[in-house]
Q: 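Let me begin by handing over the structure; questions about it come next.
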Amino acid sequence: MTTPVPFDDAIAQFDPVIGLEVHVELGTRTKMFCGCPTDFGAEPNTQVCPVCLGLPGSLPVANAKAIESIIRIGLALNCDIVEWCRMARKNYFYPDMPKDYQVSQYDEPICINGYLDVTVATDDGPQVFRVEIERVHMEEDTGKLTHAGGATGRIHGADYSLVDYNRAGIPLVEIVTKPVVGTGALAPIVARAYVTELRDIMRALGVSDVKMEEGSLRCDANVSLHHAGEPWGTRSETKNVNSLRSVERAVRSEIERQAGVLLSGGRVVQETRHFHEDTGVTTPGRSKEHAEDYRYFPEPDLVPIAPSREWVDELRATLPEQPSARRARLAQAWGISDFDMQALINAGVLDVVEESIAAGVSPEAARKWWAGELTRVANEQGVEVTALSVTHADILRIEELIASGSINDKLARQVFEGVLAGEGTPDEVVASRGLAVVSDDGALLAAIDEALAAQPDVAEKIRGGKVQAAGAIVGAVMKSTRGQADAAKVRALLLERLGISE
Ligand code: ADP
Ligand code: MG
Ligand code: ZN
């Protein structure tokens with residue numbers, strides 16, 4: 001194996017071309033060609049019937065809701081919706097596919113020629129890339145194999161394999177980009193931004209739950225490198241990358257690997273590859289040097305799909321606000337910059353921030369807590385920030401406590417900690433942990449006297465006119481009150497105590 005070249009060096013010598021194929025499992029109640037339910041996590045092989053098991057004599061019927069969803073997806077991605085197209089049989093044998101062919105689309109996809117603009121944050125401000133979309137087509141998912149008895153869960157080394165056909169026949173939409181050029185060093189983040197934007201659009205359309213961890217959104221990342229001005233290089237295709245972060249890492253590591261291969265005089269092989277989360281590198285899968293012949297032919301058991309223009313227009317009217325337009329609108333309403341907006345998106349907290357604001361929390365506070373403390377805690381616990389057990393009402397109450405001077409920002413963090421630990425409402429946590437700001441002058445003066453007594457030299461300095469020295473005493477009081485005092489107030493009381501006016 002050749003040594004990868006550090007990313008910046010690779011980009012200094014080569015231009016990357018990327019291409020993304022995204023599979024989205026639709027959230028229809030029933031499968032693509034039969035009435036079997038699609039619920040995730042059911043007992044293996046309980047959601048099957050003669051159609052999705054491919055039993056002889058069974059006949060498929062297309063799911064109208066799935067066709068509706070794919071047309072809406074196509075429209076949201078600025079595609080043309082064709083007037084007439086057919087499903088095709090893609091013939092191959094694999095045990096996860098009971099029919100020995102997959103019903104898909106080949107040369108007649110239902111949606112073509114679209115695009116999606118994605119924005120990425122750069123040092124010079126936000127930059128927009130138009131990702132052109134080649135096709136959006138309809139197909140059906142395969143079953144799921146579980147390889148048992150081996151150490152890795154892969155087929156290699158396994159004693160036997162189990163097959164679950166519950167997933168076989170669930171509607172899948174495949175979205176394929178045209179090759180994306182001109183992204184340079186931004187290629188990995190453009191790839192990630194594209195998949196993120198796509199996910200947000202699917203969510204806004206309500207067509208899929210787009211959970212990458214459950215496989216309802218899967219991405220294959222194609223990457224090639226070439227010298228500027230020369231023909232494009234051979235691509236590799238990293239399969240089933242299953243998180244947004246991994247999309248970025250997989251593209252990055254492929255650029256580093258291919259640069260290593262090319263600079264050592266080697267040749268990039270056209271193949272599929274697997275990305276490993278733990279090591280952050282890809283390893284070879286199956287060679288694609290010789291195109292497989294799937295003997296595609298039009299599916300004879302299904303009628304062609306010919307969406308009327310009236311239906312397409314009706315569906316166009318159901319499109320939600322595009323996520324990019326929504327972000328622009330919210331940024332303006334909240335008075336924040338594109339950069340701040342991007343930070344919220346990157347942290348995955350845009351929706352919760354919007355909900356908090358709707359619940360009455362101020363935009364500044366909602367952003368501060370969700371993108372700051374709460375994200376930090378979620379990362380620490382390895383959970384989604386939305387899974388934390390804090391409500392918008394809790395945040396609103398904590399903000400009220402800060403505004404009324406009962407607690408300060410620092411104490412608020414402890415209140416959050418208590419709420420997240422299930423210690424009750426913010427008020428209950430403040431009471432049980434004794435977190436209220438000490439505002440009682442008597443208690444503060446006692447703490448000040450104590451600090452002055454402990455540091456007589458500092459006290460002397462202040463008395464002698466060195467007001468800057470007051471900081472040491474204020475610090476000591478903050479410490480003895482465990483941060484539960486208002487520093488400005490302590491300072492004022494201290495100077496008053498020493499008879500100094502500023
Ligand atoms: P396959 O069936 O081999 O996966 P597809 O046409 O479905 O082929 O997808 C190929 C993907 O690779 C598309 O997104 C396409 O834009 C992209 N692609 C094609 N050529 C290159 C290249 N030289 N470098 C990077 N990506 C490429
Ligand atoms: Mg492919
Ligand atoms: Zn079925």
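Ligands are counted one by one from 1 in listed order, and the atoms in each one are counted from 1 as well.
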Q: Say whether Val223, considering both its backbone and side-chain N or O atoms, lies within less than 3.5 Å of an N or O atom on ligand 1.
A: no

Q: Which of the listed options, Lys239, Gln270, Lys288, Lys178, holds the heavy atom that is closest to atom 3 (O) of ligand 1?
A: Lys288

Q: Any nitrogen or oxygen of Ser224, side chain or backbone, less than 3.5 Å from one on ligand 1?
A: yes

Q: Between the side chain of Thr183 and the main-chain N/O of Leu186, is any donor-acceptor distance below 3.5 Å?
A: no

Q: For ligand 1, which atoms have a heavy atom of Glu237 less than 4.0 angstrom away?
A: 3 (O), 4 (O)

Q: Within the 4.0 Å heavy-atom shell around Thr177, which atoms of ligand 1 are there?
A: 13 (C), 14 (O), 15 (C), 16 (O)

Q: From the options His23, Lys31, Gln102, Arg218, select the one residue that forms a side chain to side chain donor-acceptor pair (under 3.5 Å) with Asp141.
A: Arg218

Q: Side chains of Thr234 and Arg267: is there a donor and an acceptor less than 3.5 Å apart?
A: no

Q: Of all the atoms in ligand 1, which lie at a distance below 4.0 Å from a heavy atom belonging to Gly233?
A: 23 (N)

Q: Do you know which two heavy atoms are closest between Arg154 and His276, and how far apart they sit?
A: NH2-CE1, 3.8 Å

Q: Measure the distances from the heavy atoms of Pro16 to every atom of ligand 1 and state whether one is below 4.0 angstrom.
A: no

Q: Should Glu108 and Val82 count as side-chain neighbours, where that means a heavy-atom distance under 4.5 Å?
A: no

Q: May I ask you to list the atoms of ligand 1 that are less than 4.0 angstrom from any heavy atom of Leu20?
A: 14 (O)

Q: Going by the ring pair (Phe, Tyr, Trp, His ring centres under 6.0 Å) test, name the single residue among Tyr294, Tyr101, Tyr296 that passes it with Tyr106.
A: Tyr296

Q: If you stand at the Zn ion (ligand 3) and look out to SG of Cys52 and SG of Cys36, what angle do those two lines make, to 10°?
A: 110°

Q: For a quick check under 3.5 Å, do Glu25 and Ser216 share a side-chain donor-acceptor pair by atom type?
A: no

Q: For Gly19, counting its heavy atoms only, list the atoms of ligand 1 lying under 4.0 Å from any of them.
A: 14 (O), 17 (C), 26 (N)

Q: Does an N or O anywhere in Glu21 fall below 3.5 Å from an N or O of ligand 1?
A: yes

Q: Of all the atoms in ligand 1, which lie at a distance below 4.0 Å from a heavy atom belonging to Val176?
A: 9 (O), 13 (C), 14 (O)

Q: Between Asn166 and Asn45 (side chain of the first, backbone of the second, donor and acceptor by atom type, cut-off under 3.5 Å), is there such a pair?
A: yes

Q: Answer yes or no for Glu134: is there a heavy-atom contact with ligand 1 below 4.0 Å?
A: no

Q: If hydrogens are left out, which of Arg235, Glu132, Glu254, Arg135 has an atom nearest to atom 8 (O) of ligand 1, that is, the closest non-hydrogen atom?
A: Arg235

Q: For Ser236 and Gln258, does a side-chain donor sit closer than 3.5 Å to a side-chain acceptor?
A: yes

Q: Out of Leu225, Asn222, Asp220, who gets a non-hydrogen atom closest to atom 26 (N) of ligand 1?
A: Asn222

Q: Going by atom types alone, do Ser161 and His147 pair a side-chain donor with an acceptor below 3.5 Å?
A: yes

